[in-house]
Novice: 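Dropping a structure here in structure tokens format, bear with me for questions.
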Amino acid sequence: MAGTVLVSGGSGYIAGETIRQLLANGWTVNTTVRNLSREPELRGQLGGSRQTLRFFAADLMNDAGWAEAAAGCNAVCHMASPFPAGVPKDENELIVPAREGALRALRFAHTAGIRRFVMTSSSAAVAYGHPPSKSHFDEADWTNVDAPGVQPYVKSKTIAEQAARDWVAANAPGMDYCAVCPVLVLGPVESGDFAASVEVVQRLLNGSVPAIPNVGFNVVDLRDIADLHVRALEAPAQLIHGARFIGAAQPFQHFGDVARVLRGSLGPQARKVPKRAMPDWGVRLLSVVMPAARQLIGELGRTRTISSAHAQQVLGWKPRPPEESIVDCARSLIAHGVVKV
Ligand code: NAP
């Protein structure tokens with residue numbers, strides 16, 4: 001199945017790779033950006049002709065442009081959502097655009113007669129706000145946004161996915177809606193403009209992380225998560241209707257594992273990657289002066305296994321090992337001059 005798909009947030013890291021793969025599979029892509037002045041630069045990275053890749057100006061918080069972007073499409077891949085590296089003072093800076101943007105994209109899709117809607121959610125909507133004793137997660141799990149310490153971004157993704165599901169159930173139960181839930185996405189960057197997830201590798205490589213905190217994350221490759229979105233767009237309706245698909249490779253990666261992979265593969269280019277462990281009290285101290293580090297406190301010592309068995313079984317998806325994503329991410333950051341080694 002190929003046709004015309006609206007991909008929201010065409011300036012994004014995951015959207016870029018997804019658009020490249022969709023174009024390669026014969027899709028025509030309508031994509032939204034906040035500012036049309038970015039079209040020439042993005043066209044250079046995404047490929048496609050003026051007939052196969054069209055840009056529309058649209059913001060998550062405003063109706064303008066969405067009807068034009070959705071016209072003539074038979075599917076939507078809704079990826080745009082705020083994903084900052086830091087933590088805003090007011091959580092609504094993330095929650096409101098994430099939720100309103102998802103509902104806006106759904107409304108305009110429904111009005112345009114579009115049946116297939118793939119929403120990029122996140123493992124943030126799956127694996128947070130649970131007791132520390134719970135360490136295995138799958139699509140049946142939902143983040144508890146009312147638990148103490150749940151961060152604004154995590155809330156924004158959970159609330160947006162729940163609102164989207166509720167909207168579909170109430171207004172368009174026949175819509176072939178599903179959510180893709182990536183864990184931390186790493187892989188090659190195409191420019192110096194990339195998602196906050198890549199900062200994990202960037203900061204280790206450029207030495208701005210002074211020591212290794214006792215925290216970690218699950219990793220999925222950019223190319224594989226784009227492929228999972230494409231599979232969800234192209235699968236028979238009965239396989240995706242109402243589903244969630246977690247996109248995650250195994251195993252869980254501690255910061256120390258990532259540092260070891262970088263040193264083992266990059267040799268002297270990884271000379272700034274720290275070797276010392278940061279004690280937990282050091283992370284707490286750091287969080288006093290660096291608000292972004294506050295996100296790490298609830299993660300200290302925690303390991304989560306987030307299963308992607310469902311996506312593998314239903315959609316035939318196969319993630320590559322995290323080492324490849326980490327090394328390719330690092331090499332591309334060096335090649336683009338983002339990290340000076
Ligand atoms: P990204 O590169 O920061 O992309 C975010 C996109 O959202 C950008 O295109 C951005 O546009 C757009 N956006 C943000 N606020 C907007 C607004 N008010 N109106 C219109 N567009 C807006 O990050 P990404 O990793 O590709 O994220 C894509 C999706 O994947 C997001 O839904 C994110 O939550 C989800 N996700 C990412 C990861 C990860 O590790 N990277 C993991 C799980 C889920 P501008 O360029 O104009 O800012």
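First listed ligand is number 1; within each ligand, the first listed atom is number 1. One-based numbering along the sequence shown.
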Novice: Would you please name every residue forming a salt bridge (Lys or Arg N to Asp or Glu O under 4.0 Å) with R165, sequence neighbours left out?
Specialist: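 Partners of R165 by the salt bridge (Lys or Arg N to Asp or Glu O under 4.0 Å) criterion, ordered by chain and then number, come out as E161.
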
Novice: In terms of residue, atom name and distance, what is the protein heavy atom nearest to atom 43 (C) of ligand 1?
Specialist: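 Going by distance alone, atom 43 (C) of ligand 1 is nearest to P182 O, 3.2 Å.
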
Novice: For atom 10 (C) of ligand 1, what's the nearest protein heavy-atom neighbour? Residue, atom name and distance, please.
Specialist: S11 OG, 4.1 Å

Novice: Under 3.5 Å between any N/O of A80 and any N/O of ligand 1: does that happen in this structure?
Specialist: no

Novice: In plain terms, say whether D227 and K318 are close enough for a salt bridge, that is, a side-chain N and a carboxylate O under 4.0 Å apart.
Specialist: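 Salt bridge absent between D227 and K318.
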
Novice: Between the side chain of S265 and the main-chain N/O of L262, is any donor-acceptor distance below 3.5 Å?
Specialist: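 It does not hold such a pair.
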
Novice: Is the terminal nitrogen or CZ of R244 (NZ for Lys, CZ for Arg) located under 6.0 angstrom from the six-membered ring centre of W142 and within 45° of that ring's axis?
Specialist: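 Yes, R244 lies over the aromatic ring of W142.
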
Novice: On the six-membered ring of Y153, is K155 placed so that its NZ or CZ lies under 6.0 angstrom from the centre and within 45° of the ring axis?
Specialist: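 Checked: cation-pi criterion not met.
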
Novice: Judged on heavy-atom distance to atom 26 (O) of ligand 1, which of V7, T120, V185, I14 sits nearest?
Specialist: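 Considering heavy atoms of V7, T120, V185, I14, the nearest to atom 26 (O) of ligand 1 sits in I14.
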
Novice: Which residue and atom name correspond to the protein heavy atom nearest atom 2 (O) of ligand 1, and how close is it?
Specialist: Y13 N, 2.9 Å

Novice: With sequence neighbours excluded, tell me which residues meet salt bridge (Lys or Arg N to Asp or Glu O under 4.0 Å) with E93.
Specialist: none

Novice: Can you tell which part of M61 has a heavy atom less than 4.0 Å from ligand 1: side chain, backbone, both or neither?
Specialist: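 No part of M61 comes within reach of ligand 1.
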
Novice: For ligand 1, is any non-hydrogen atom under 4.0 Å from N35's backbone (N, CA, C, O), its side chain (CB onward), both, or neither?
Specialist: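 Neither part.
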
Novice: With only distance considered, is S81 within less than 3.5 Å of ligand 1 through an N or O on each side?
Specialist: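 Yes, S81 has an N/O under 3.5 Å of an N/O on ligand 1.
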
Novice: Of the side chain and backbone of A98, name the one, both, or neither that has a heavy atom under 4.0 Å from an atom of ligand 1.
Specialist: neither

